[in-house]
Amino acid sequence: TNVPSGAFYVFPQVNSYFNKTDGKVVISNSSDLSMYLLNEVHVAVVPGDAFGEPNYIRISYATSENLITEAIARIKKGLAKLK
């Protein structure tokens, strides 16, 4: 397993979701995906552009295990709608 060495973030690569849509919103970049997750499933993430990595998003996990589990479930639900 990957053990963090001091940060409270994960930085997943998300460009496989670029050019996908839920029928209303087209995801063109990590900023679009970040706004989609905020608006669709109410989870805030930061576009990787802010860190020089446009194909990634940053997710903080500095919260309770229950909230992390809920956020992951919501993200999964939102991403599943993108085709």
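No hydrogens, no waters, no symmetry mates; every other heavy atom, side chains included, goes into these values.
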Do the non-hydrogen side-chain atoms of [X] and [Y] ever get within less than 4.5 Å of each other?
| X | Y | value |
| --- | --- | --- |
| Y36 | L82 | yes |
| N55 | F18 | yes |
| K81 | E40 | yes |
| H42 | E70 | no |
| S34 | V46 | no |
| N29 | N15 | no |

[X] with [Y], same ILVMFWY side-chain cluster at under 4.5 Å:
| X | Y | result |
| --- | --- | --- |
| V43 | Y17 | yes |
| L33 | I59 | yes |
| F51 | I57 | no |
| V26 | V14 | no |
| I72 | V45 | yes |

Straight-line distance of D22 CG to K83 NZ, nearest 0.5 Å:
10.5 Å
Spacing of CZ belonging to F8 relative to OG belonging to S60, to within rounding of 0.5 Å:
8.5 Å
Does the cation-pi check pass for R58 over F11, that is, NZ or CZ under 6.0 Å from the six-membered ring centre and within 45° of its axis?
no
Report yes or no: does K24 contribute a side-chain atom to a donor-acceptor pair with the main-chain N or O of T21 at less than 3.5 Å?
no
Qualifying residues under salt bridge (Lys or Arg N to Asp or Glu O under 4.0 Å), relative to K77, sequence neighbours excluded
none
Return the minimal non-hydrogen interatomic distance between G48 and S30, and the atom names on each side.
N-OG, 3.4 Å
